[in-house]
2 protein chains.
Amino acid sequence: MTNNIFEKLLAQLNTKPKTAKQEQIVEAAIQLFAAKGYANTSTAEIARVAGVSEGTIFKHYGTKERLLFSVIAPFIRELFPQLAREAVEETFTEDTQSLEQFLRTLIKNRIQFITENRELFQVFVKELMYREEFRKKLFPFAMEYVPETFKHIVDRFKESGELRDDIPSETIILNVLTFLSGFLITRIILRGSDTISEKEMEEAVQFIMEGIRNSHKPEANE
Amino acid sequence: MTNNIFEKLLAQLNTKPKTAKQEQIVEAAIQLFAAKGYANTSTAEIARVAGVSEGTIFKHYGTKERLLFSVIAPFIRELFPQLAREAVEETFTEDTQSLEQFLRTLIKNRIQFITENRELFQVFVKELMYREEFRKKLFPFAMEYVPETFKHIVDRFKESGELRDDIPSETIILNVLTFLSGFLITRIILRGSDTISEKEMEEAVQFIMEGIRNSHKPEANE
DNA sequence: AATAAAAGTAAGTAATCACTCACTCAAATA
DNA sequence: TATTTGAGTGAGTGATTACTTACTTTTATT
């Protein structure tokens with residue numbers, strides 16, 4: 001059913017020549033879906049906000065659901081493959097010196113992208129929670145590309161001794177991603193921040209790097 | 001509008017003598033809200049699953065929204081005040097010996113509670129994302145009780161030298177909560193786990209305690 | 001047993017939903 | 001210039017929505 005729609009949309013992304021009204025529709029849809037959620041937004045309201053007839057929406061997108069995927073798909077394409085390839089390569093060659101610097105740059109890069117596309121991120125996360133088939137499509141996708149790209153970087157930092165080698169690389173990557181998803185969801189969605197301060201990002205990097213234990217003072221001296 | 005509904009429900013929680021049909025309604029609502037989301041679940045379907053007339057739902061709860069809050073409110077009451085008071089006191093007196101042990105016990109305690117009430121946790125998180133007024137009610141509530149209760153424990157572990165004292169207690173608590181929310185959301189909601197393994201919990205505790213940096217080997221020896 | 005109050009029901013209601021259809025119009029093509 | 005094509009329209013469509021109302025049944029009180 002919904003299985004191949006997503007893939008088809010991802011494939012035909014660049015071949016789409018949008019009309020002016022189509023752009024108005026997409027813009028209105030993003031805004032309304034982010035604010036009220038997909039299920040609570042009617043096609044009539046989208047048409048009204050877009051300044052377009054309701055029929056026009058269905059002329060172009062066929063169903064309400066296909067409009068949703070047309071809106072989300074480009075965001076996902078930018079979020080993940082870029083994360084896994086371009087952004088990493090860029091960051092990695094730029095600041096090869098230290099793990100902490102690499103992590104800091106990468107995190108700031110992604111946080112900036114997401115805060116710039118806050119509404120899309122909101123729509124994406126909310127629908128991710130409601131749609132199992134959507135998750136099933138995306139998890140292998142994310143769980144293949146992301147660790148694949150990070151694995152050799154993690155391994156390299158292990159060899160340099162900067163990264164602890166008593167924990168499997170997969171576990172390390174998973175834990176960092178877990179913290180980051182918590183960070184983004186609480187800040188962008190729950191708190192509704194439109195920006196995240198340098199200080200808060202720095203605290204996050206610190207936490208990922210060091211945890212909370214005081215490892216500078218000797219422990220067994222009591 | 002919805003402002004005092006939540007508080008009223010929280011207040012009158014224990015004074016409610018539920019009938020058999022009321023319990024069937026609540027059970028059906030939890031199940032359906034968790035699976036399909038509040039907005040995608042009709043009162044007709046709840047009535048059908050509960051084996052009850054649709055009118056009975058409105059007899060008892062008045063509106064669909066009040067049914068939702070009747071379902072969520074007890075969960076929140078158990079999740080937060082217990083977290084902030086009973087569970088902490090219990091854990092703290094039980095294992096006063098080490099920070100790591102305290103953290104481990106507390107985390108396992110909360111993870112167990114949430115996995116035991118997975119459906120309610122799903123409903124809670126999803127609605128939290130869609131309802132701003134709901135968040136505004138809950139954030140002060142959580143941000144008052146939780147740090148208040150943890151503050152003196154964190155301070156105590158700082159004094160004992162087990163917890164790093166170069167970071168404000170509030171930041172430490174916030175970072176731990178951020179990781180935990182990410183942990184629970186990705187596992188319970190996105191991955192849909194019905195249980196979380198001992199191993200995975202242990203890895204989470206490790207990450208919170210130590211981060212990812214290798215602090216055992218000397219860094220400046222190259 | 002009589003009465004009152006509460007619990008439960010089934011058939012409504014108006015409003016709203018996603019979506020369709022017959023149509024116009026403008027621009028490209030022949 | 002004649003014709004085709006695709007964008008755009010707006011008044012529909014039946015289905016579904018949350019909720020109401022008039023009524024019956026069950027339970028509690030005296």
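It should be emphasised that the depicted structure is a prediction, and the values quoted were computed from it without experimental measurement.
F69(B) does not carry R66(B) over the face of its six-membered ring by the limits of under 6.0 Å from the centre and within 45° of the normal. Both tests hold for K64(A) against Y38(A): distance to the six-membered ring centre under 6.0 Å, angle to the ring axis within 45°.
A donor-acceptor contact under 3.5 angstrom links the side-chain atoms of S53(A) to the base of dG10(D). Residue-to-nucleotide contacts include no donor-acceptor pair under 3.5 Å from the side chain of T56(A) to the base of dA7(D).
Y38(A) has its OH atom 9 Å from the C1' atom of dA18(C), to the nearest Å. K64(A) places its NZ atom 8 Å from the P atom of dC19(C), with the value rounded to the nearest Å. Following rounding to the nearest Å, I25(B) (CD1) and dC19(D) (C1') show an atom-to-atom distance of 14 Å. What separates CD of Q24(B) from P of dA7(C) is a distance of 15 Å, to the nearest Å. Protein atom CD1 of I57(B) is 13 Å distant from nucleotide atom P of dA10(C), rounded to whole Å. One can place NE2 of H60(A) at 16 Å from P of dC19(C), the figure rounded to the nearest angstrom. Here dT26(D) presents its P atom at 10 Å from NZ of K21(B), a figure rounded to the nearest Å. Computed from coordinates, the I46(A) CD1 to dC17(C) C1' distance equals 12 Å when rounded to whole Å.
Taking the six-membered ring for Trp and thresholds of 30 and 60 degrees, F102(B) and F150(B) have ring planes more than 60 degrees apart, a perpendicular arrangement.
Looking at which nucleotide of DNA chain C each of S42(A) and K59(A) is closest to, the 5′-most match is held by S42(A).
Aromatic ring centroids of F183(B) and F207(B) lie 6.0 Å or more apart.
Taking 4.0 angstrom as the limit, T19(A) places a side-chain polar atom (N or O) nearer than this to OP1 or OP2 of dG8(D).
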